[in-house]
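Here is the structure we will look at, set down as structure tokens.
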Amino acid sequence: MISFYGGLTASIVVLTLLIGVGSHAARPAALDEALRAHDVLGPRLRRFAAAVVPFAEGALGVGGATALLTGHQRGLQAVLAVGTALFGLYAGYTRHVLALGRGGPCGCSHQDVPLSRWVTRRAVALAGLALAGAVLAGAGPVALSAAELLTLLLAAPACAVLLWSLPAAMHEPARAAVHQPTGTTVHRTAEGVSTRWTSPPAL
């Protein structure tokens, strides 16, 4: 058994990966629709990403859960290392999309959650947790007390759900009406894009 904090960080990452897989399974077309709306990737690369990302999340989630339950530290470290890269890549992608002023859904949920800086920050936080878990997992086996194990079992799911829900919780539609000489009204998002996807900038 790894240390309490190693188990906590690893469990949060693994549970988040499994939540992501569940969201993609609930609405398989959501990721492809989001990538299409972002209009950054070409058609072939978009289809490839839409197929590979859910598979990668599922493989890492199942592998991480198995490693946690069996106490396989090397396997857990490998899963968390790849998870660090996956979340880091997603953080970089979403930051790039927002920097281009593109709108659209985040593609990470079966619900219509808009892409925002909170999505990027969540990905950065998950990458940091995965990296910390990988480092702590290599510290060697530790015997947890019954109280520590119970705390871990309660805290990890709660933290994973709260972190997963962060972008949706922080989303506050704020449309600014811009009056044109013709009398029409144009609604723009906080990113400056005329779209129904609205989310204020997170400073």
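Side-chain atoms are counted along with the backbone in the values below, which use heavy atoms only and exclude waters and symmetry mates. The structure presented is a predicted model; accordingly, all values stated were derived computationally and were not measured.
Atom CD1 of Ile19 and atom SG of Cys108 lie 11.5 Å apart (nearest 0.5 Å). To the nearest 0.5 angstrom, Gln77 atom CD is 10.0 Å from Leu136 atom CG. Separation of atoms CZ (Arg121) and CE (Met170) is listed at 8.5 Å; rounding is to 0.5 Å.
Val124 belongs to no multi-residue hydrophobic cluster, having no ILVMFWY side-chain contact under 4.5 Å with any other such residue.
Here the shortest heavy-atom pairing between Leu98 and Arg117 reads CD1-N, 3.6 Å. Leu31 and Ala50 get closest at one heavy-atom pair: CD2-CA, 3.7 Å. Leu76 approaches Ala137 most closely through the heavy-atom pair CD2-CB, 4.3 Å. Contact record, Ala125 with Leu163: CB-CD1, 4.4 Å, taken as the closest heavy-atom pair. For the residue pair Pro167 and Val119, the shortest heavy atom distance occurs at CB-CG2, 3.7 Å. Nearest approach of Gly75 to Ala67, heavy atoms of both residues: C-CB, 4.1 Å.
Not a single side chain to side chain donor-acceptor pair (under 3.5 Å) links Thr16 to another residue, sequence neighbours left out. Under the ring-ring contact (aromatic ring centres under 6.0 Å, His included) criterion, Tyr93 pairs with His38, not counting sequence neighbours. In this structure, Asp39 has no salt bridge (charged side-chain N to carboxylate O under 4.0 Å, His left out) partners at least two apart in sequence or on a different chain. For Thr151, the side chain to side chain contact (heavy atoms under 4.5 Å, CB included) partners are Phe4, not counting sequence neighbours. The side chain to side chain contact (heavy atoms under 4.5 Å, CB included) test applied to Arg46 returns Asp32, Leu35, Arg36, Leu41, Pro43, not counting sequence neighbours. In this view, Glu57 and His24 satisfy the side chain to side chain donor-acceptor pair (under 3.5 Å) rule, not counting sequence neighbours. Evaluation of the salt bridge (charged side-chain N to carboxylate O under 4.0 Å, His left out) rule for Glu148 yields no partner, not counting sequence neighbours.
Cluster membership check: Leu152 shares its hydrophobic cluster with Val79, using side-chain heavy-atom separations under 4.5 Å among Ile, Leu, Val, Met, Phe, Trp and Tyr. Transitive grouping of hydrophobic side chains (ILVMFWY, heavy atoms separated by less than 4.5 Å) keeps Val14 and Leu69 in distinct clusters. Note on Trp164: it does not cluster hydrophobically with Leu18, by side-chain heavy-atom contacts below 4.5 Å among ILVMFWY residues. Hydrophobic clustering (side-chain heavy atoms under 4.5 Å, transitive across Ile, Leu, Val, Met, Phe, Trp, Tyr) keeps Val161 apart from Leu150.
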Going by atom type alone, with no hydrogens or angles, which donor-acceptor pairs under 3.5 Å involve a side-chain atom of residues 6-13 and a protein atom two or more places apart or on another chain?
unit_1: Thr9; atom_1: OG1; unit_2: Tyr5; atom_2: O; d: 3.0
unit_1: Thr9; atom_1: OG1; unit_2: Gly6; atom_2: O; d: 3.0
unit_1: Ser11; atom_1: OG; unit_2: Gly7; atom_2: O; d: 2.6

Donor-acceptor pairs under 3.5 Å, side chain of residues 81-91 to any protein atom, not counting sequence neighbours: which ones?
unit_1: Thr84; atom_1: OG1; unit_2: Leu80; atom_2: O; d: 2.8
unit_1: Thr84; atom_1: OG1; unit_2: Leu131; atom_2: N; d: 3.1
unit_1: Tyr90; atom_1: OH; unit_2: Cys106; atom_2: O; d: 3.0

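Within the structure, ring-ring contact (aromatic ring centres under 6.0 Å, His included) contacts touching residues 46-78 (residues at least two apart or in different chains) do not occur.
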